[in-house]
Amino acid sequence: MNFPHRHVLGIKQFNADELNFILDTAESFKEINTRDIKKVPTLRGKTIINLFFEASTRTRTSVEIAGKRLSADTVNISGSSSSVVKGETLEDTARNIEAMHPDIIVMRHSASGSSEYLAARLDCAVVNAGDGTHEHPSQALLDAFTIRQHKGKIAGLKVAIIGDIAHSRVVRSNINCLNKLGAQVVVCGPKTMLLPGLEELGCRVAPNLPEALKDADVVMMLRIQLERQGKTLIPTLREYSRFFGLNETNLKLAKPDAIVMHPGPMNRGVEISTAVADGPQNVILDQVENGVAVRMALLYLAAGGEKMAED
Ligand code: CP
């Protein structure tokens, strides 16, 4: 397939065929991660810079592992140890990094639109590892990959996404991705954590948790994004947990074979009970495992993989 994208900025840039192509490409890379020697020469000679201005465990580690398993040279820069703390702008930082001829810059930043801003100014490929409350495309893709792995399909499934919808970049990318792949997405959360016009993104807003969970094939729980709220949006965590937390009792409202997902980091006892987080329906660590394969696919495609394969 001709993959016409230089950057990976958001799910909105891809059509369904392209999303499926990324998932299929990830499928072809997945097996490498379980070999004794977990390395192939695919991106030998390519340089990937991971520029993270926000905290990350899963995304940052898996992007680095993905690059290394494809034999790229990977360099990690965190905002707090960069010259940004001395007042250097994002654009100057990126231009200085680009002067060293990286092939890809993977960036996480607190400002929505920052990846697009960078992509418009740099010659190298930019991969968005999460920008503000805007998009987290690789998370949505690894979620779709995990749903496909466990359910064999995505089209026609009911996916319930519960929690802090307003401040979640994961939910925006997921609604868009799952919609394009034919799922029905239902969201639910406290009124203070919803947004006006959510339905326009392509989802239904359920009035309460039982309604959202009813007959769901997939239940995706989200963390309260305290770092983005700037004010208190719920009376207490105990009350939040009572009305919007997933536990063994309310999970029974979903289909018996429903899978439970969480992008992490989890707040056990708040949005999800430990019994459910570690229970038989959880696929949370499968999401993390699949994140490596999906990011291998994205790095390969952003480095011009399809073109390399043709040459
Ligand atoms: N899901 C996710 O983005 O996790 P990290 O913040 O740990 O990267």
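Whatever order the structure lists ligands and atoms in, that order sets their numbers, starting from 1. Predicted model, so just to flag it, every value in this text is computed and none were measured.
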Participant: For the backbone of His134 and the side chain of Arg172, can you confirm whether one donor and one acceptor N or O come within less than 3.5 Å of each other?
Facilitator: no
Participant: Which heavy atom of the protein is the closest neighbour of atom 6 (O) of ligand 1, given with residue, atom name and distance?
Facilitator: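 Of every protein heavy atom, Arg108 NH1, 2.9 Å lies nearest to atom 6 (O) of ligand 1.
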Participant: Would you say Gln184's side chain and Asn179's backbone share a donor-acceptor pair under 3.5 angstrom?
Facilitator: no
Participant: Centre of Phe244's six-membered ring, under 6.0 Å away, within 45 degrees of the axis: is that where NZ or CZ of Arg242 sits?
Facilitator: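 Because its charged atom misses either the 6.0 Å distance or the 45° angle limit, Arg242 does not stack over Phe244.
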Participant: With nothing but distance in play, are any N or O atoms of Pro263 less than 3.5 Å from an N or O of ligand 1?
Facilitator: yes
Participant: Which of the atoms of ligand 1 are close to Gln139, meaning less than 4.0 Å from one of its heavy atoms?
Facilitator: 1 (N), 2 (C)
Participant: Strictly under 4.0 Å, does any heavy atom of Glu54 approach an atom of ligand 1?
Facilitator: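 No, Glu54 has no heavy atoms under 4.0 Å from ligand 1.
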Participant: Would you check whether Gly130 reaches within less than 4.0 Å of ligand 1, judged by its heavy atoms?
Facilitator: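 Checking ligand 1 against Gly130, which is what was asked, there is no heavy-atom contact under 4.0 Å.
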Participant: Can you check side-chain hydrogen bond (donor to acceptor under 3.5 Å, both in side chains) on Arg69 and Asn33, steps first, answer last?
Facilitator: CA-CA 8 Å; Arg69 289 192 178 157; Asn33 295 309; 2.9 Å; yes
Participant: With no hydrogens and no angle check, is any side-chain donor or acceptor of Asp73 less than 3.5 Å from a backbone partner on Thr47?
Facilitator: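 Answer holds: no.
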Participant: So between Thr59, Leu142, Thr61, whose heavy atom ends up nearest atom 2 (C) of ligand 1?
Facilitator: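 Selected option, by shortest heavy-atom distance: Thr59.
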Participant: Please say whether Ser56 places an N or O atom under 3.5 Å from an N or O atom belonging to ligand 1.
Facilitator: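 There is such a contact, yes.
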Participant: Would you mind telling me which of Asp143, Asp24, Asp286 makes a salt bridge (charged side-chain N to carboxylate O under 4.0 Å, His left out) with Arg148?
Facilitator: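 Between Arg148 and the candidates, salt bridge (charged side-chain N to carboxylate O under 4.0 Å, His left out) is satisfied uniquely by Asp24.
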Participant: What are the atoms of ligand 1, with element, lying closer than 4.0 Å to any heavy atom of Gly264?
Facilitator: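 In order of numbering, the contacting atoms are 1 (N), 2 (C), 4 (O).
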Participant: What's the shortest distance from atom 7 (O) of ligand 1 to any protein heavy atom, and which residue and atom give it?
Facilitator: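 Closest protein heavy atom to atom 7 (O) of ligand 1: Thr57 N, 2.8 Å.
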Participant: Please confirm whether the backbone N or O of Ala111 pairs with a side-chain atom of Ser114, one donor and one acceptor, at under 3.5 Å?
Facilitator: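 Checking the backbone N and O of Ala111 against the side chain of Ser114, a donor-acceptor pair under 3.5 Å is found.
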Participant: Report the nearest protein non-hydrogen atom to atom 4 (O) of ligand 1: residue, atom name, distance rounded to 0.1 Å.
Facilitator: Arg58 NE, 3.0 Å
